Amino acid sequence: MNAPRFYLTTAIDYPNSRPHIGTAFEKLGADVQARYRRMQGYDVVFLMGTDENTVKVSKRAAELGMEVQAYCDDMARQFREVWDALGISYDIFIQTSHARHRDCCRKFIQKVYDNGHIYKGPYEGWYCDGCEEFKTDKQHAENDGKCPNHKTPLTRRSEQCYFFRLSAFADRLLDHYRRHPEFVQPDSRRNELISLIENEGLKDINISRYNQSWGIRIPFDEDYTIYVWFDALLTYVTGIGYGDDRATYDHLWPADIQFIGKDITRFHCALWPAMLWAAGEESPRQVFGHGFVYFDGEKMAKTLGNIVEPMDVITKFSAQAFRYYFMRECPFPSDGDFSWKRFFEVYNADLANNLGNLFSRMTRLAAKNHGGVLPGTAGLKPNGIVANVAEIVARVQGHVEACRYHQALQTIWLEVLNPANKYVEEMKPWSLFKTDPAASARVLYELADVLRLVSIVLKPFMPEASNTIYTAFNFAPAWDAVRYEDAMQWPERQDDLRLGEALATEGVKPLFPRID
RNA sequence: UGCGGUGUGGAGCAGCCCGGUAGCUCGCCAGGCUCAUAACCUGGAGGUCACAGGUUCAAAUCCUGUCGCCGCAACCA
């Protein structure tokens, strides 16, 4: 029970459309981190959810003729289906329309109000009657004074609303960025943010909406609802007990990493810590703004009609392949691209021909030539095909911990799998078997050890495929107890290395069948 | 205007911070092998590192300028 805790979150999504591969990219990056930390013995709590208290969601429900809550619950179910299919190992899924979040959110805003960081004042801006919302000056300027959606003229309107005193936190924020360079990651995002604040400053922001039927009521003025950001960000704390379970909250907060898209860095790295401070709470330890996924080089957008959904890929291939492609091909800290052509190439080259084929040739040789048992290998220490395993594993670990997932995977393929394939070719265990079966068995033993190593370091990335590889043998320790460090060591085993019964008798199925 | 990113053999990228034989994956060509998912291994062709100046014994790498492409309103991560 003394395990260190690790609390991480992803952005919570607007449920006015189904998740696409870009949304999945973020969850995947967070999931790899969560799975890695669990392996390393952390007490991990992984939170995600849907952000439902927006006018757009209520409108979308109305379009479909649905009651808003029913619509939200159904969308949340659809999101979770996708995340489950991808193997996203979240622990908590928050819906902002649910009572617990609402009640705790009201407590939070009341606290900020009591602390004097919220005031009432006039807000004046360009208003669209059709959208029932204010547009920015920039939108007004760029659309000839018309609403970009309705094409009707915007009118100047002023109303009383509640402001959060964000401007008062500018200096403290800048100081925080300097004192904790790890807070905003990657570095390029931090630099952008600092220059933004230094050049443009921070303005107090309107956190209320007047006379809306859907949303969370402001406790000190029930005619208003809380504007989405001030509500949505709070899921990160209400989900772990802010307002109703202080013990759990104190145990888990501040979050270790919060994953978000690079476009909302501002909200998470400026507004969010300021809100927390205003309520007397701590800022999260790190906010990681990941990159975007493009499709055939273009930004995905509903209006372009080029949205790819995760299920399109998963049902054709597998969640494992999906996970590999995005973690290998799209650098998490910057942008990446998805195309079917590239997907086929990467799948065949890395998964089918390299990893999958190595697994097949090793296990089939073991089954065919040695009856699935490699004699004389009990307690035997492998020589090691790869010389500097400890150094390589440490390097992979460093990449994973810094969310450089693509580099972690590249390292595994370049430094472990490629040499292993070359080794098979050099040693030719199939012909060696004819003259010296013991030597052949020894070669296969070395290969098995590489597969063991690879399955361990790949566990956070492809949990299922790794499991299949690891449990094809009688490796120790048990799969659920495996840590990264085990990849560096030779497990003590009292019996000879053998294939699992199913593999030995029923034969080996391709792990990743080639795509033709 | 401005801000940020980017321009490296046919494609996708690394290298640039901390100057010193241009590297990786895919594709292509030739050969080898045949245990394996027609896979794997070896060799090869192919780049004046966007362009022009400058610093230096030496620049893809540092400095200056020019040009091209992408993102910075909304749906949206």
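Note that the coordinates shown come from a computational prediction; the quantities given were computed from them, not determined experimentally.
In this structure, A/F475 and A/Y470 have tilted ring planes: the angle between them lies in the 30° to 60° band.
B/rU8 and B/rA50 have their C1' atoms separated by 10 Å, with the value rounded to a whole Å. Nucleotides B/rC26 and B/rG68 place their C1' atoms 26 Å apart, quoted to the nearest Å. Separation of the P atoms belonging to B/rG15 and B/rC3 is 25 Å when rounded to the nearest angstrom. Straight-line distance between the P atoms of B/rG71 and B/rU25: roughly 32 Å, to the nearest whole Å. The P atoms of B/rC35 and B/rC16 are separated by 44 Å, rounded to the nearest whole Å. Taking atom P in both B/rC13 and B/rU6, one finds a spacing of 12 Å when rounded to whole Å. Taking atom P in both B/rC28 and B/rU34, one finds a spacing of 24 Å when rounded to whole Å. One P atom belongs to B/rC63, the other to B/rG19, and the distance between them is 11 Å to the nearest Å.
Proximity note for A/R364 (side chain, C-beta onward) versus B/rU34, B/rG12, B/rU37: the nearest is B/rU37. Picking from B/rA77, B/rU25, B/rC72 the nucleotide with the shortest atom distance to the side chain of A/K299 gives B/rC72. Closest to the side chain of A/Q410, out of B/rC35, B/rA77, B/rC24, is B/rC24. Of the candidates B/rC26, B/rU37, B/rA77, the closest approach to any side-chain atom of A/H290 belongs to B/rA77. Closest to the side chain of A/N421, from the set B/rC41, B/rG12, B/rC33, is B/rC41. Taking the side chain of A/H20 as heavy atoms from C-beta on, and the options B/rG12, B/rC76, B/rU42, the nearest nucleotide is B/rC76. Among B/rC75, B/rU25, B/rU42, the nucleotide with an atom closest to any side-chain atom of A/N418 is B/rU25. Nearest nucleotide to the side chain of A/E345, out of B/rC26, B/rU34, B/rA74: B/rC26. Of the candidate nucleotides B/rU37, B/rA77, B/rG32, B/rA77 has the atom lying nearest to any side-chain atom of A/E26. The side chain of A/S17 approaches B/rC76 more closely than any other nucleotide in the set B/rG12, B/rC76, B/rC41.
Between A/I21 atom CD1 and B/rA77 atom C1' the separation is 11 Å, expressed in whole Å. When the P atom of B/rC26 is taken as reference, atom CZ of A/F343 falls 17 Å away, rounded to whole Å. Across the protein-nucleic acid pair, A/Q407 atom CD and B/rA14 atom P stand 9 Å apart, rounded to whole Å. Taking atom CG of residue A/D335 and atom P of nucleotide B/rG12, one finds them 15 Å apart after rounding to whole Å. Taking atom CD of residue A/E329 and atom C1' of nucleotide B/rC13, one finds them 8 Å apart after rounding to whole Å. Here the P atom of nucleotide B/rG12 and the CZ atom of A/F344 are 18 Å apart, to the nearest Å. If you take CG of A/D337 and P of B/rG5, they are 20 Å apart, rounded to a whole angstrom. Atom CD in A/E425 sits about 17 Å away from atom P in B/rG31, given to the nearest Å.
In this structure, A/Q185 and A/R190 have side chains that are in contact, with non-hydrogen atoms separated by less than 4.5 Å.
The residue A/M362 sits apart from the nucleic acid: no heavy atom pair falls under 4.0 Å. When heavy atoms are screened at a 4.0 angstrom cut-off, A/D263 is found touching the sugar-phosphate backbone but no base atom. No contact: A/F433 has no heavy atom under 4.0 Å from any strand. Note on A/P513: a base of the nucleic acid sits closer than 4.0 angstrom, heavy atoms only. The residue A/A11 sits apart from the nucleic acid: no heavy atom pair falls under 4.0 Å. A/V293 comes within contact range of at least one nucleobase, with a heavy-atom separation under 4.0 Å. Residue-level contact check: A/L414 touches the backbone only, with heavy atoms under 4.0 Å from sugar-phosphate atoms and none from bases. Heavy atoms of A/K509 sit nowhere under 4.0 angstrom from any nucleic acid atom. Backbone-only engagement by A/D13 is indicated by non-hydrogen atom pairs under 4.0 Å involving sugar-phosphate atoms exclusively. Residue A/L196 is classed as having no contact, given no heavy-atom separation below 4.0 Å to the nucleic acid.
In a base pair of the Watson-Crick type (N1 to N3 plus N6-O4 or O6-N4) or a G-U wobble (N1-O2 and O6-N3), with each distance short of 3.5 Å, B/rC67 is matched with B/rG7. With a 3.5 Å ceiling on both atom-pair distances, the Watson-Crick or G-U wobble partner of B/rC24 is B/rG12. Nucleotide B/rC72 is matched to B/rG2 when pairs are restricted to Watson-Crick or G-U wobble geometry with both distances under 3.5 angstrom. With both pairing distances under 3.5 Å, B/rC62 is matched to B/rG54 as a Watson-Crick or G-U wobble pair. For B/rA30, the paired base is B/rU42 (Watson-Crick or G-U wobble, both distances below 3.5 Å).
When only modelled atom types and interatomic distance are considered, A/N421 and A/R361 share a side-chain donor-acceptor pair under 3.5 Å. Side-chain contact, A/H290 with A/Y405: no donor N or O sits under 3.5 Å from an acceptor N or O. Side chains of A/Q320 and A/S318: a donor-acceptor N/O pair is absent below 3.5 angstrom, by distance only.
Within 6.0 Å of CZ on A/R266 lie no more than 12 heavy atoms contributed by other residues, nucleotides or ligands.
Both A/K434 and A/F79 sit near RNA chain B, but only A/K434 has its closest nucleotide nearer the 5' end. Residue order along RNA chain B, read from the 5' end via each residue's closest nucleotide, puts A/E192 first among A/E192 and A/K428.
Within the structure, every side-chain polar atom (N or O) of A/R328 is placed at least 4.0 Å from both OP1 and OP2 of B/rU25. Regarding contacts with the backbone of B/rC75, every side-chain N or O of A/N16 stays at 4.0 angstrom or more from both OP1 and OP2.
Residues A/M275 and A/L233 approach most closely at SD-CD1, 3.8 Å, considering heavy atoms. Of all heavy-atom pairs spanning A/T411 and A/V396, the tightest one is CG2-CG2, 3.9 Å.
If you look at A/H268 and A/Y236, their ring centroids are closer than 6.0 Å.
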